[in-house]
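Heads up, the thing below is written out as C-alpha coordinates.
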Amino acid sequence: MFISRPQNNPLQWRRLWFFLFLFLFLSHLLHFSHADLGTASRYPPPYSPTECFGGDLTQFPTSNLFAAAGDGVWENGAACGRQYFVRCFSASEPEACVPDQTIQITIVDYAPSIVSVPTATGTTMILSTTAYNSIVNTSATVNFVTVEFLQV
(Lines give C-alpha, C1' and ligand atoms only; values in the text may rest on other atoms or scores of the structure.)
Protein backbone atom coordinates (compact mmCIF):
# COMPACT_ATOMS: atom_id res chain seq x y z
CA MET A 1 0.00 0.00 0.00
CA PHE A 2 1.43 3.34 -1.02
CA ILE A 3 0.52 6.38 1.03
CA SER A 4 0.95 9.62 -0.79
CA ARG A 5 2.40 12.57 1.02
CA PRO A 6 -0.33 14.98 2.02
CA GLN A 7 0.25 18.21 0.21
CA ASN A 8 -1.97 21.03 1.28
CA ASN A 9 -5.14 19.01 1.64
CA PRO A 10 -6.51 19.45 5.19
CA LEU A 11 -8.53 16.22 4.95
CA GLN A 12 -5.38 14.20 4.27
CA TRP A 13 -3.60 15.85 7.22
CA ARG A 14 -6.52 15.08 9.53
CA ARG A 15 -6.57 11.49 8.36
CA LEU A 16 -2.80 11.18 8.95
CA TRP A 17 -3.06 12.64 12.47
CA PHE A 18 -6.02 10.39 13.23
CA PHE A 19 -4.12 7.24 12.26
CA LEU A 20 -1.04 8.38 14.16
CA PHE A 21 -3.12 9.01 17.28
CA LEU A 22 -4.91 5.66 16.87
CA PHE A 23 -1.60 3.83 16.51
CA LEU A 24 -0.13 5.46 19.64
CA PHE A 25 -3.28 4.84 21.64
CA LEU A 26 -3.49 1.17 20.67
CA SER A 27 0.21 0.59 21.27
CA HIS A 28 -0.25 1.94 24.81
CA LEU A 29 -3.17 -0.41 25.43
CA LEU A 30 -1.24 -3.41 24.14
CA HIS A 31 1.66 -2.82 26.50
CA PHE A 32 2.25 -6.11 28.29
CA SER A 33 2.81 -4.78 31.80
CA HIS A 34 1.94 -1.71 33.76
CA ALA A 35 3.69 -2.99 36.88
CA ASP A 36 6.49 -1.32 38.83
CA LEU A 37 9.95 -2.67 39.51
CA GLY A 38 11.42 -2.65 42.98
CA THR A 39 13.39 -4.80 45.37
CA ALA A 40 12.28 -7.30 47.97
CA SER A 41 14.00 -8.99 50.87
CA ARG A 42 12.74 -11.48 53.45
CA TYR A 43 12.02 -11.30 57.18
CA PRO A 44 11.45 -14.15 59.62
CA PRO A 45 8.99 -14.37 62.55
CA PRO A 46 7.97 -12.81 64.83
CA TYR A 47 5.71 -10.71 62.62
CA SER A 48 3.58 -9.09 65.31
CA PRO A 49 2.92 -6.39 66.47
CA THR A 50 2.66 -4.46 63.21
CA GLU A 51 2.39 -0.80 62.31
CA CYS A 52 -0.91 -1.44 60.53
CA PHE A 53 -2.88 -3.58 62.97
CA GLY A 54 -0.91 -3.74 66.22
CA GLY A 55 -1.07 -7.17 67.85
CA ASP A 56 -4.20 -8.36 66.00
CA LEU A 57 -3.19 -11.74 64.56
CA THR A 58 -6.30 -11.94 62.36
CA GLN A 59 -4.64 -9.35 60.07
CA PHE A 60 -2.38 -12.00 58.57
CA PRO A 61 -3.72 -13.88 55.55
CA THR A 62 -4.05 -17.62 56.14
CA SER A 63 -1.74 -18.19 53.16
CA ASN A 64 1.07 -16.32 55.02
CA LEU A 65 1.67 -14.30 51.85
CA PHE A 66 2.20 -10.82 53.30
CA ALA A 67 4.79 -8.07 53.38
CA ALA A 68 6.02 -4.94 55.08
CA ALA A 69 5.99 -1.89 52.82
CA GLY A 70 9.09 0.20 52.25
CA ASP A 71 9.00 3.97 51.97
CA GLY A 72 8.16 3.90 48.25
CA VAL A 73 4.96 1.93 48.85
CA TRP A 74 4.01 2.95 52.40
CA GLU A 75 2.36 6.32 51.64
CA ASN A 76 2.05 7.32 55.30
CA GLY A 77 0.10 4.19 56.19
CA ALA A 78 -2.28 4.18 53.24
CA ALA A 79 -0.68 0.92 52.08
CA CYS A 80 -2.08 -1.03 55.05
CA GLY A 81 -4.25 -3.84 53.73
CA ARG A 82 -3.36 -3.21 50.09
CA GLN A 83 -2.76 -6.24 47.95
CA TYR A 84 -0.13 -6.62 45.26
CA PHE A 85 0.78 -9.19 42.66
CA VAL A 86 4.51 -9.83 43.04
CA ARG A 87 6.93 -11.86 40.96
CA CYS A 88 10.68 -12.26 41.07
CA PHE A 89 12.11 -10.41 38.09
CA SER A 90 15.86 -10.92 38.53
CA ALA A 91 18.57 -11.59 41.09
CA SER A 92 22.33 -11.40 41.37
CA GLU A 93 22.49 -15.20 41.43
CA PRO A 94 21.53 -17.17 38.30
CA GLU A 95 18.30 -19.15 38.54
CA ALA A 96 17.39 -17.64 41.91
CA CYS A 97 13.91 -16.66 40.71
CA VAL A 98 11.18 -19.27 40.46
CA PRO A 99 10.14 -18.96 36.81
CA ASP A 100 6.58 -17.86 36.00
CA GLN A 101 5.57 -17.64 39.67
CA THR A 102 3.37 -14.72 40.72
CA ILE A 103 1.94 -14.39 44.21
CA GLN A 104 -0.62 -12.07 45.76
CA ILE A 105 0.54 -10.45 49.00
CA THR A 106 -1.10 -8.15 51.54
CA ILE A 107 0.72 -5.23 53.18
CA VAL A 108 0.56 -5.63 56.98
CA ASP A 109 3.47 -3.54 58.27
CA TYR A 110 5.92 -0.69 57.65
CA ALA A 111 9.42 -1.95 56.80
CA PRO A 112 11.45 0.40 59.06
CA SER A 113 9.40 -0.65 62.12
CA ILE A 114 9.23 -4.45 61.74
CA VAL A 115 9.99 -6.51 64.84
CA SER A 116 12.47 -8.96 63.28
CA VAL A 117 15.63 -8.32 61.24
CA PRO A 118 15.25 -8.51 57.43
CA THR A 119 17.86 -10.01 55.10
CA ALA A 120 18.33 -6.56 53.52
CA THR A 121 17.16 -3.07 54.44
CA GLY A 122 16.02 -0.24 52.19
CA THR A 123 14.04 -2.48 49.86
CA THR A 124 10.68 -1.64 48.30
CA MET A 125 9.01 -4.38 50.32
CA ILE A 126 10.04 -7.02 52.81
CA LEU A 127 8.23 -10.30 52.23
CA SER A 128 7.29 -12.89 54.81
CA THR A 129 9.44 -16.01 54.64
CA THR A 130 6.58 -17.93 53.00
CA ALA A 131 6.05 -15.24 50.36
CA TYR A 132 9.77 -14.88 49.63
CA ASN A 133 10.28 -18.64 49.31
CA SER A 134 7.33 -18.80 46.91
CA ILE A 135 9.08 -16.64 44.31
CA VAL A 136 12.77 -17.27 45.13
CA ASN A 137 14.36 -20.71 45.05
CA THR A 138 15.12 -21.83 48.58
CA SER A 139 18.59 -22.95 47.47
CA ALA A 140 19.44 -19.36 46.45
CA THR A 141 21.67 -17.39 48.81
CA VAL A 142 20.64 -13.90 47.70
CA ASN A 143 19.58 -11.39 50.37
CA PHE A 144 17.25 -9.50 48.04
CA VAL A 145 15.82 -9.75 44.55
CA THR A 146 14.36 -7.38 41.98
CA VAL A 147 10.59 -7.81 41.83
CA GLU A 148 7.82 -6.69 39.56
CA PHE A 149 4.73 -5.66 41.52
CA LEU A 150 1.28 -4.45 40.63
CA GLN A 151 -1.45 -3.26 42.97
CA VAL A 152 -4.56 -5.45 42.76
- Query: For S63, which residues count as a side chain to side chain contact (heavy atoms under 4.5 Å, CB included) partner, sequence neighbours excluded?
  - Reply: P61, L65
May I have the list of side-chain donor-acceptor pairs in residues 74-89 shorter than 3.5 Å, sequence neighbours left out?
unit_1: E75; atom_1: OE1; unit_2: R82; atom_2: NH2; d: 2.7
unit_1: R82; atom_1: NH1; unit_2: Y84; atom_2: OH; d: 3.3
unit_1: Q83; atom_1: OE1; unit_2: Q104; atom_2: NE2; d: 2.4
unit_1: Q83; atom_1: NE2; unit_2: T106; atom_2: OG1; d: 3.4
unit_1: R87; atom_1: NE; unit_2: E148; atom_2: OE1; d: 2.6
unit_1: R87; atom_1: NH2; unit_2: E148; atom_2: OE1; d: 3.2

- Is the backbone N or O of T119 less than 3.5 Å from a side-chain atom of S41, with the two atoms forming a donor-acceptor pair by type? no
- Item | CG on N143 to OG1 on T141, rounded to 0.5 Å | 8.0 Å
- Item | For V142, side chain to side chain contact (heavy atoms under 4.5 Å, CB included) partners two or more places apart | A91, S92, E93, A96, Y132, V136, A140, V145
- Task: To the nearest 0.5 Å, tell me how far I105 CD1 sits from S134 OG.
- Result: 11.5 Å
- Distance from I107 atom CD1 to I126 atom CD1, nearest 0.5 Å? 10.0 Å
- Task: Compare every heavy atom of G122 with every heavy atom of T39, then report the nearest pair and how far apart it is.
- Result: OG1-O, 4.5 Å
- Do any N or O atoms from the side chain of N64 and from the backbone of S128 form a donor-acceptor pair under 3.5 angstrom? no
- Message: Checking side-chain polar atoms at under 3.5 Å, does D56 have a donor or acceptor matched by the opposite partner on T58?
- Response: yes
- Message: According to side chain to side chain contact (heavy atoms under 4.5 Å, CB included), who are the partners of P44, at least two apart in sequence or on a separate chain?
- Response: S116, T129
- Can you list the residues that meet the side-chain hydrogen bond (donor to acceptor under 3.5 Å, both in side chains) rule with S113, with sequence neighbours excluded? E51
- Do the side chains of T124 and V147 get nearer than 4.5 Å, heavy atoms only? no
- Are P49 and V115 side-chain neighbours, meaning at least one heavy-atom pair lies under 4.5 Å? yes
- Message: In this structure, would Y110 and V73 fall into the same cluster of hydrophobic residues linked by side-chain contacts under 4.5 Å?
- Response: no
- Query: Do V108 and L127 share a hydrophobic cluster (ILVMFWY, side-chain heavy atoms under 4.5 Å, transitive)?
  - Reply: no
- Message: Could you report the tightest heavy-atom contact between F149 and G38, atom names first, then the distance?
- Response: CE2-N, 3.8 Å
- Item | Exercise: identify the closest heavy-atom pair between I114 and A68 | CG2-CB, 3.5 Å
- Q59 versus T50, closest heavy-atom pair with distance: OE1-OG1, 2.9 Å
- Residues two or more places apart in sequence or in another chain: which of them pass side chain to side chain contact (heavy atoms under 4.5 Å, CB included) with L57? S48, F60
